[in-house]
Amino acid sequence: MDDVSARGRFVWYDLLTPDPKRAEPFYTAVAGWGKETWNGPMPYTMWTAGGTTIGGVMGMPPNAEAPPHWLAYVSVPDVDASVTQAQSLGGRTLKPATDIPTVGRFAVLADPQGAEFALFTPAGTPPSHDAPPGLGEFSWHELLTTDYKSAFQFYQALFGWEMLQEHDMGPMGIYAIFGRDGARLGGMFNKTADMPIPPNWLQYIRVDDADRVAAVVEANGGTVINGPMDVPGGDRIAQCLDPGGAMFAVHALKA
């Protein structure tokens, strides 16, 4: 079922990792997630937050060129039409549009600067919701890129996202906050010369206490690479690597 009203909504998150069995207890400890098994053509472990499925975990393909990472899926009314549009805007198709029986249709793309993301058209009601994210849900989506203005124009055309604010971070440049229907979804900024990593999306998980969870990350084989620290507005974050090397972040709202 096409749902135009869900266009541009982040609806699903997959972790691609070399060791799913190690990732499962790690994220249970860090994010408080539960697990469910999807018995489709290929068995698949799904993450749950508050009893609602929000994503899943899968092993890295043997010939994978990308490192372990989180992949976010964005809802569109028609995956095939959006793939064609993305290509006309300078994006690349990494995995062509593919059906998941009884679930929907998806494709994996790279934006013109090289950051990876996925499209999803559900067979039924779109997953996720437009309410503020609860504990254990993904609450912020951050794009590190080489040209945030061009990247935003690409995503605006594809998903209808809005530019809500632009903050001057001094030597770090501009941090642009984007959203959908007036609600904040995340930020975009240009990487600096001392950032050797390629353009990518970083996903933030809402937690009750960023400092407490940062300690849990370290105690369970992960690494805190930045923070915990306050961000403008009073929220607190920590950016981390899980035991398999995938980057993610945790986000606690201002008390």
Side-chain angles (χ1 to χ4, degrees), residues 6 9-61 64 66-75 95 100-104 106 108 116-120 122-142 185-186 200-210 212-214 216-217 219-224 237-253:
R9 182 196 297 168
F10 286 92
V11 292
W12 197 256
Y13 307 85
D14 271 332
L15 173 64
L16 287 85
T17 178
D19 191 350
K21 291 303 179 184
R22 189 177 183 194
E24 291 172 13
F26 174 81
Y27 284 100
T28 295
V30 168
W33 290 340
K35 297 185 301 178
E36 289 185 8
T37 300
W38 181 66
N39 294 310
M42 295 179 62
Y44 172 66
T45 298
M46 300 186 295
W47 308 110
T48 65
T52 300
T53 53
I54 60 169
V57 56
M58 61 181 67
M60 298 287 293
H69 63 283
W70 279 95
L71 176 66
Y73 293 68
V74 183
S75 180
K95 183 175 179 59
I100 308 172
T102 74
V103 175
F106 79 101
V108 181
E116 184 177 333
F117 66 101
L119 305 173
F120 180 66
T125 302
S128 190
H129 55 75
D130 288 318
L135 289 173
E137 295 182 339
F138 287 90
S139 55
W140 196 254
H141 311 84
E142 190 170 81
L185 290 177
N200 68 91
W201 281 97
L202 176 63
Q203 312 302 333
Y204 286 67
I205 304 165
R206 189 184 159 202
V207 297
D208 60 346
D209 185 322
R212 179 190 67 78
V213 175
V216 174
V217 167
N220 284 272
T223 305
V224 177
I237 66 167
Q239 296 169 339
C240 312
L241 292 174
D242 70 20
M247 190 172 178
F248 70 101
V250 297
H251 170 211
L253 300 181

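Since we're looking at a predicted model, the values are computed, not measured.
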F117, Y13, Y204, Y73 screened by ring pair (Phe, Tyr, Trp, His ring centres under 6.0 Å) with H141, the one that passes:
Y13

What is the distance from atom [atom1] of [X] to atom [atom2] of [Y], rounded to the nearest 0.5 Å?
{"X": "E137", "Y": "I205", "atom1": "CD", "atom2": "CD1", "answer": "11.5 Å"}
{"X": "L71", "Y": "Q203", "atom1": "CG", "atom2": "CD", "answer": "8.5 Å"}
{"X": "H251", "Y": "I237", "atom1": "NE2", "atom2": "CD1", "answer": "8.0 Å"}
{"X": "M46", "Y": "T52", "atom1": "CE", "atom2": "OG1", "answer": "11.0 Å"}
{"X": "M60", "Y": "D19", "atom1": "CE", "atom2": "CG", "answer": "12.5 Å"}

Taking only residues two or more places apart in sequence, or in another chain, which ones meet Y27 in a ring-ring contact (aromatic ring centres under 6.0 Å, His included)?
W33, W47, W70, F248

What are the two closest heavy atoms between [X] and [Y], and how far apart are they?
{"X": "V57", "Y": "D14", "value": "N-OD1, 4.4 Å"}
{"X": "L135", "Y": "A49", "value": "O-CB, 4.3 Å"}
{"X": "Y44", "Y": "G55", "value": "OH-C, 4.0 Å"}
{"X": "I54", "Y": "G136", "value": "CD1-O, 3.5 Å"}
{"X": "A252", "Y": "A210", "value": "CB-N, 3.6 Å"}
{"X": "G56", "Y": "W12", "value": "N-NE1, 4.0 Å"}

Does the side chain of [X] reach to within under 4.5 Å of the side chain of [Y], using non-hydrogen atoms?
{"X": "V217", "Y": "F26", "value": "yes"}
{"X": "L15", "Y": "D242", "value": "yes"}
{"X": "W140", "Y": "L202", "value": "no"}

Does any N or O in the side chain of R206 come within less than 3.5 Å of the main-chain N or O of S139, such that one atom is a donor and the other an acceptor?
no

Can you list every pair that meets salt bridge (Lys or Arg N to Asp or Glu O under 4.0 Å) and has a residue in residues 51-61, with sequence neighbours left out?
none

Using the salt bridge (charged side-chain N to carboxylate O under 4.0 Å, His left out) criterion, which residues pair with D208? Sequence neighbours excluded.
R212

